[in-house]
Asker: 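First the structure, then my questions, so here it is.
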Amino acid sequence: MKARTRFAPSPTGYMHIGNLRTALYEYLIAKSSGGSFLLRIEDTDQKRYVQGATDIIYSTLKTVGMNWDEGPDIGGAYGPYVQSERKSIYAEYAHKLVELGGAHYCFCAQKEEAENNDDDNNVIPIKFQDPCKQMPLNEARAKIAAGQPYVIRQTINKKGKSHFHDEVYGDIEIDYDDLDEGVLLKTDGFPTYNFANVIDDHLMAITHVVRGNEYISSTPKYNLIYEAFGWTPPVYVHVPPVMKDAQHKLSKRNGDASFQDLTAKGYLPEAILNYIALLGWNPGDDQEIFSLSELEKIFSISRLNKSPAIFDIIKLTWMNGCYIRSLTADEFHKIALPWYNKCITRKLNLENLSKVLQPRVETFADIIPQTDFLEKMPEYDISLYENKKMKTDTDVAKQTLKLTIQLLSDVKDWNNENLFAALKELAAIHELKNGQILYPLRIALSGKETTAGGATEIASILGKEETIFRIKEALKKLEA
RNA sequence: GACCCCAUCGUCUAGCGGUUAGGACAUCACCCUUUCACGGUGGUAACACGAGUUCGAUUCUCGUUGGGGUCGCCA
């Protein structure tokens with residue numbers, strides 16, 4: 001069966017990780033069945049609309065490669081795909097639902113606050129009993145004709161238990177008495193999510209509804225609407241939330257990372273997508289690295305998990321490192337270039353820098369702290385030259401640095417291999433350990449105990465002139 | 001408070017009555033090595049608790065505890 005799924009975000013300004021994961025599962029359900037994935041913008045709440053938000057949605061989906069088959073920008077047979085452009089459709093169906101007995105007109109003032117205080121002074125909402133429910137239809141219509149503001153509210157008269165099946169949570173049973181008669185069509189004529197969703201999913205022939213599990217308890221209400229219209233409800237796939245920690249969902253409000261934040265921090269879109277796919281789904285074997293097209297082939301709803309997953313930036317970082325290492329040298333260099341531009345103004349051999357950085361950087365943002373010493377030689381204490389394991393101290397350093405500088409002046413082809421071979425030979429000639437030459441050299445070139453790349457790699461990045469200059473400076477410092 | 005949902009290493013998870021409870025991240029140790037990293041090898045580490053069903057429960061049932069969600073003219 002070819003599935004039709006939709007990603008239906010409301011344009012509130014950013015793409016958060018949980019949303020993106022839902023979109024991914026929707027996309028995969030569609031694509032793994034050879035079906036269609038559509039994009040629908042749910043902008044029925046004008047108060048929350050954020051300018052430019054739809055562009056963020058488009059660009060995020062595009063950069064991860066989740067292309068939609070129908071949507072606001074490309075159209076399709078079931079448009080329009082923006083809810084604010086479908087206002088008249090909802091009104092039509094809402095009034096029809098009233099006739100069918102699935103809803104009623106309601107004239108109650110907004111915010112009918114029905115609540116109780118319990119012993120602990122907590123506010124406990126009690127079920128709203130709508131007096132308008134009893135109003136004869138012709139009386140209600142007369143009020144509307146007279147210009148009275150109204151909403152259309154769902155009517156729930158059923159008794160007993162409602163049942164529905166969810167693909168991840170199994171069979172769910174909820175008492176009809178626990179459902180409330182929510183507003184379907186607002187005073188401003190816009191539908192609420194509760195209504196627009198049902199209408200659109202049906203009209204757009206959506207087969208699988210994928211959404212957060214917070215909708216489980218209201219699903220019976222949606223089924224009542226499907227039922228009233230004589231429509232078949234979709235397959236439900238409720239997914240657990242992505243958490244920040246055991247108690248809190250991941251949310252922008254808490255300052256948690258969005259997709260944009262992550263890419264800005266130097267995470268690759270493919271890695272982010274791969275990681276979030278595994279937050280609540282697994283293939284059943286040990287494979288962890290997947291491209292989107294691989295996922296399309298092996299994804300299955302039955303391997304979706306029902307417990308919440310905590311977003312672990314540490315594991316994402318590891319995975320990002322895997323993706324970085326699997327890049328070709330050219331690809332890495334190309335992506336790294338803008339990062340170099342942020343922190344390096346000096347003329348360096350950037351190709352060599354990329355070679356050194358690629359195997360040891362986990363995000364592109366790591367480039368910045370790894371390269372600071374290249375840009376500007378840091379202050380350091382000459383005690384750094386003392387290293388037991390390398391068998392060096394300031395005296396050894398003075399001696400080997402002098403030897404090194406002589407040799408380096410003569411090196412013609414300035415690259416890591418030549419430099420390393422030459423210095424190794426130098427060590428052998430003078431019966432020194434490699435480290436006694438190389439360790440002091442790194443200190444002289446970097447002022448740091450540890451660096452990305454070895455001494456000769458650093459030299460190959462800095463270039464001959466700067467390398468020799470830094471060694472001279474080091475000798476001055478040692479002799480002072 | 002009512003209703004719904006969830007519960008395996010610190011984290012993501014495998015497991016669908018009988019396993020030395022497996023993998024990955026993290027962590028620790030060692031190896032490799034011009035430092036760091038990469039890579040390799042090995043280690044530490046989990047079935048929330050209590051009943052029941054069963055010859056046998058991580059697995060099935062019930063309860064407890066803990067956590068989450070819903071109870072908006074937000075989605």
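Any value given below was found using the heavy atoms of this structure, including those in side chains, with hydrogens, waters and symmetry copies removed. Chain A is the first sequence line, chain B the second, and so forth, proteins listed ahead of strands; every chain is numbered from 1.
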Asker: Looking only at atom C1', what distance separates C71(B) and U53(B), rounded to whole Å?
Answerer: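 Taking atom C1' in both C71(B) and U53(B), they lie 37 Å apart.
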
Asker: Considering only atom P, compute the distance from A14(B) to G22(B) and round it to an integer number of Å.
Answerer: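 Nearest-Å result for A14(B) against G22(B) at atom P: 15 Å.
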
Asker: Roughly how far apart, to the nearest Å, are A2(B) and G10(B) at atom P?
Answerer: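 It comes out at 32 Å once rounded to the nearest Å.
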
Asker: Quick one: Ile172(A) CD1 to U70(B) P, roughly how many Å, whole number?
Answerer: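 Nearest whole value for this atom pair: 15 Å.
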
Asker: Kindly point out which of A75(B), U35(B), A24(B) is positioned nearest to the side chain of Trp318(A)?
Answerer: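 Among the listed nucleotides, the one closest to the side chain of Trp318(A) is A24(B).
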
Asker: Does Glu466(A) pair with Arg470(A) as a salt bridge, N-O distance under 4.0 Å?
Answerer: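 Yes, this pair counts.
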
Asker: Does the side-chain ring of Phe420(A) sit on the six-membered ring of the U34(B) base, less than 5.5 Å centre to centre and under 30° in tilt?
Answerer: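 Check passed, Phe420(A) stacks on base of U34(B).
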
Asker: Reckon Arg442(A) has a side-chain N or O less than 4.0 Å from the OP1 or OP2 of U33(B)?
Answerer: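 No.
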
Asker: For A24(B) versus U64(B), give the span between their P atoms, rounded off to a whole number of Å.
Answerer: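 Each nucleotide's P atom is 39 Å from the other's.
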
Asker: Please determine whether a side-chain nitrogen of the Lys or Arg among Asp201(A) and Arg40(A) lies less than 4.0 Å from a carboxylate oxygen of the Asp or Glu.
Answerer: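 Yes, charged N to carboxylate O under 4.0 Å.
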
Asker: Categorize Tyr439(A) for me: base, sugar-phosphate, or nothing, with a 4.0 angstrom heavy-atom threshold over every strand shown.
Answerer: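 No contact.
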
Asker: On the nucleotide G39(B), are OP1 or OP2 found under 4.0 Å from the side-chain N or O atoms that Arg325(A) carries?
Answerer: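 Arg325(A) to G39(B) OP1/OP2: side-chain N or O found under 4.0 Å.
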
Asker: Are Glu26(A) and Arg211(A) ion-paired here, with the side-chain N under 4.0 Å from a carboxylate O?
Answerer: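 No, Glu26(A) and Arg211(A) are not salt-bridged.
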
Asker: Under 4.0 angstrom, heavy atoms only, what part of the nucleic acid is Ser446(A) near: base, sugar-phosphate, or nothing?
Answerer: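 No contact at all - Ser446(A) keeps every heavy atom at 4.0 Å or more from the nucleic acid.
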
Asker: Is any NZ, NE, NH1 or NH2 atom of the basic residue among Lys87(A) and Asp188(A) found under 4.0 Å from an Asp or Glu carboxylate oxygen of the other?
Answerer: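 Judged by the 4.0 Å cut-off on N to carboxylate O distance, Lys87(A) and Asp188(A) do not form a salt bridge.
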
Asker: Parallel, tilted or perpendicular: which fits the ring planes of His95(A) and Tyr105(A), with parallel below 30° and perpendicular above 60°?
Answerer: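 His95(A) vs Tyr105(A) ring planes: tilted.
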
Asker: Mind checking if Tyr215(A) touches a base, just sugar-phosphate, or nothing, with heavy atoms under 4.0 Å?
Answerer: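 Tyr215(A): base contact, heavy atoms under 4.0 Å.
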
Asker: Once rounded to the nearest 0.5 Å, what's the spacing between atom CG of Leu353(A) and atom CG of Leu374(A)?
Answerer: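 Output value for this atom pair is 6.0 Å.
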
Asker: What is the nucleic acid contact for Asp245(A), judged by heavy atoms within less than 4.0 Å: base, sugar-phosphate only, or nothing?
Answerer: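 Touches nothing.
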
Asker: Just compare A75(B), G69(B), U35(B) and give me whichever is closest to any side-chain atom of Asp45(A).
Answerer: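 When the side chain of Asp45(A) is considered, A75(B) is the closest of A75(B), G69(B), U35(B).
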
Asker: If C30(B) has a Watson-Crick or G-U wobble mate with both distances under 3.5 Å, name it; if not, just say none.
Answerer: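 Pairing partner: G40(B).
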
Asker: Please determine, for the side chain of Thr450(A), which listed nucleotide (C6(B), C36(B), A75(B)) has the closest atom?
Answerer: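 The listed nucleotide nearest to Thr450(A)'s side chain is C36(B).
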
Asker: With respect to the side chain of Ala455(A), which nucleotide from U34(B), U11(B), C73(B) is positioned closest?
Answerer: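 Within the option list, the nearest is U34(B).
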
Asker: Which is true for Gln370(A) with a 4.0 Å heavy-atom rule: it touches a base, it touches only sugar-phosphate, or it touches nothing?
Answerer: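 Counting heavy atoms under 4.0 Å across all strands, no contact is made by Gln370(A).
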
Asker: In whole angstrom, give me the gap between the P atoms of C5(B) and U61(B).
Answerer: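 To the nearest whole Å, 12 Å.
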
Asker: Both distances below 3.5 Å, Watson-Crick or wobble geometry, any strand: find the nucleotide opposite U20(B).
Answerer: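 Matched U20(B) with nothing under the 3.5 Å cut-off.
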
Asker: Under 3.5 Å, is there an N or O donor on one side and an acceptor on the other linking the side chain of Lys315(A) and the base of A26(B)?
Answerer: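 Absent.
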
Asker: Considering only heavy atoms and no angle criterion, is a donor-acceptor pair shorter than 3.5 Å present between the side chain of Thr456(A) and the base of U34(B)?
Answerer: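 Answer yes: a donor N or O sits under 3.5 Å from an acceptor.
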
Asker: Calculate the interatomic distance between Ile174(A) atom CD1 and C71(B) atom C1'; express it in whole Å.
Answerer: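 Atom CD1 in Ile174(A) sits about 12 Å away from atom C1' in C71(B).
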
Asker: Applying a 3.5 Å limit to both distances, which nucleotide forms a Watson-Crick or G-U wobble pair with C9(B)?
Answerer: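 Looking at the geometry, C9(B) pairs with no nucleotide.
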
Asker: For the residue pair His16(A) and Tyr14(A), categorise the inter-ring angle as parallel (less than 30°), tilted (30 to 60°) or perpendicular (more than 60°).
Answerer: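 Rings of His16(A) and Tyr14(A): tilted, as their planes differ by 30° to 60°.
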
Asker: Would you mind pulling out the nucleotide paired to A57(B), Watson-Crick or G-U wobble, both distances under 3.5 Å?
Answerer: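 Partner of A57(B): none.
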
Asker: For nucleotides A26(B) and G63(B), find the distance between their C1' atoms and express it as a whole number of Å.
Answerer: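 Between the two C1' atoms, the distance is 36 Å.
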
Asker: Measure from the side chain of Glu288(A), starting at C-beta and using heavy atoms only, and say which of A24(B), C74(B), U13(B) lies closest.
Answerer: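 Within the option list, the nearest is A24(B).
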
Asker: Starting at the 5' end of RNA chain B and moving along, which residue's nearest nucleotide shows up first, Asp175(A) or Asn305(A)?
Answerer: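 Counting from the 5' end, the first nearest nucleotide belongs to Asp175(A).
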
Asker: Which sits closer to the 5' end of RNA chain B, Val168(A) or Leu316(A), going by the nucleotide each is nearest to?
Answerer: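 This one resolves to Val168(A).
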
Asker: Look at all strands and tell whether Met319(A) reaches a base, only sugar-phosphate, or nothing, counting heavy atoms closer than 4.0 Å.
Answerer: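 No contact at all - Met319(A) keeps every heavy atom at 4.0 Å or more from the nucleic acid.
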
Asker: Is any side-chain N or O of Ser10(A) closer than 4.0 Å to OP1 or OP2 of C74(B)?
Answerer: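 No, no such contact exists.
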
Asker: Classify the side chain of Thr451(A) versus the base of C36(B) as yes if they form a donor-acceptor pair under 3.5 Å and no if they do not.
Answerer: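 No, no donor-acceptor pair under 3.5 Å.
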
Asker: State whether Asn213(A) places a side-chain N or O below 4.0 Å from either non-bridging phosphate oxygen (OP1 or OP2) of C5(B).
Answerer: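 Negative; the distance criterion is not met.
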
Asker: Please verify the inter-ring angle class for Trp281(A) with Phe299(A); under 30° counts as parallel, over 60° as perpendicular, anything in between as tilted.
Answerer: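 Judged by the thresholds at 30° and 60°, the geometry between Trp281(A) and Phe299(A) is parallel.
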
Asker: Name the pairing partner of G1(B), where a pair is Watson-Crick or G-U wobble with both distances under 3.5 Å, or state none.
Answerer: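 Paired with C71(B).
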
Asker: With sugar-phosphate meaning primed atoms plus P, OP1 and OP2, does Gly321(A) contact a base, only sugar-phosphate, or nothing at under 4.0 Å between heavy atoms?
Answerer: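 Nothing, no nucleic acid heavy atom in range.
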
Asker: For Tyr275(A), report the nucleic acid contact type (base, sugar-phosphate, nothing); a contact means any heavy atom under 4.0 Å.
Answerer: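 Contact class for Tyr275(A): none.
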
Asker: With a cut-off of under 6.0 Å to the ring centre and 45° to the axis, is Lys433(A) in cation-pi contact with Tyr439(A)?
Answerer: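 No, Lys433(A) does not lie over the aromatic ring of Tyr439(A).
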
Asker: Starting the side chain at C-beta, find the nucleotide from G68(B), A2(B), C12(B) nearest to Ala309(A).
Answerer: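 The nucleotide sitting nearest to the side chain is C12(B).
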
Asker: Roughly how far apart, to the nearest Å, are C74(B) and A21(B) at atom C1'?
Answerer: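 Roughly 44 Å separates the two C1' atoms.
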
Asker: When both hydrogen-bonding distances must be under 3.5 Å and the geometry is Watson-Crick or G-U wobble, what is A48(B) paired with, if anything?
Answerer: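 When the pairing criteria are applied, U64(B) turns out to be the nucleotide that pairs with A48(B).
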
Asker: How far does the C1' atom of A7(B) sit from the matching atom of U13(B), given to the nearest Å?
Answerer: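 Taking atom C1' in both A7(B) and U13(B), they lie 14 Å apart.
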
Asker: What's the closest nucleotide to the side chain of Arg360(A) if the choices are C71(B), C36(B), C73(B)?
Answerer: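 When the side chain of Arg360(A) is considered, C36(B) is the closest of C71(B), C36(B), C73(B).
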
